[in-house]
Amino acid sequence: MELVKALPLGAILTFVVALLIGSQGSKGGQLAIFRAEIYQFDFWWSWPLFLAGTGLAWGIMTLQR
């Protein structure tokens with residue numbers, strides 16, 4: 001159940017960090033930030049950052065249980 005709760009938190013963290021780094025013109029090195037388009041809506045995204053953020057949120061929630 002903690003993993004389901006951690007997914008939106010990982011997505012929010014990814015969106016904010018990728019927006020800050022990607023809007024400055026950087027790719028973020030290992031973060032591999034790229035501009036994604038869904039139905040004419042552009043946003044910055046990073047799968048490695050999403051996985052790390054979700055894992056971090058999941059770990060914190062598991063420790064609190």
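Hydrogens, waters and symmetry mates play no part in the numbers below; they use all other heavy atoms, side chains included. Owing to the predicted nature of the structure, the values given are computational and were not obtained by experimental measurement.
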Q: Please round to the nearest 0.5 Å and tell me the distance separating atom NZ of Lys5 and atom CE of Met61.
A: 6.5 Å
(Q) Are there over 12 heavy-atom neighbours, none belonging to Trp45, within less than 6.0 Å of that residue's CH2? (A) yes
(Q) Applying a strict under-4.5 Å side-chain criterion to I, L, V, M, F, W and Y, I'd like to know whether Leu13 and Ile33 cluster together. (A) yes
(Q) If we ignore hydrogens and angles and just use 3.5 Å, is the side chain of Ser46 paired with the main-chain N or O of Leu31 as donor and acceptor? (A) yes
(Q) Would you say that Trp44 contacts Ile21 through its side chain, given a criterion of any heavy-atom pair below 4.5 Å between the two side chains? (A) no
Q. Met1, Leu9: one ILVMFWY side-chain cluster at the under-4.5 Å cut-off?
A. no
Q: Would you indicate whether the side-chain heavy atoms of Leu3 and Thr62 approach each other to under 4.5 Å?
A: no
(Q) Are Phe43 and Leu19 packed together at the side-chain level, in the sense that at least one heavy-atom pair is separated by less than 4.5 angstrom? (A) no
Q: Following the transitive rule for hydrophobic clusters with a side-chain heavy-atom cut-off under 4.5 Å over Ile, Leu, Val, Met, Phe, Trp and Tyr, establish whether Phe15 and Leu51 coincide in one cluster.
A: yes
Q | Ile38-Trp47 co-clustered via ILVMFWY side chain contacts under 4.5 Å | A | yes
Q) More than 12 non-hydrogen atoms from neighbouring residues, nucleotides or ligands closer than 6.0 Å to CD on Gln30, yes or no? A) no
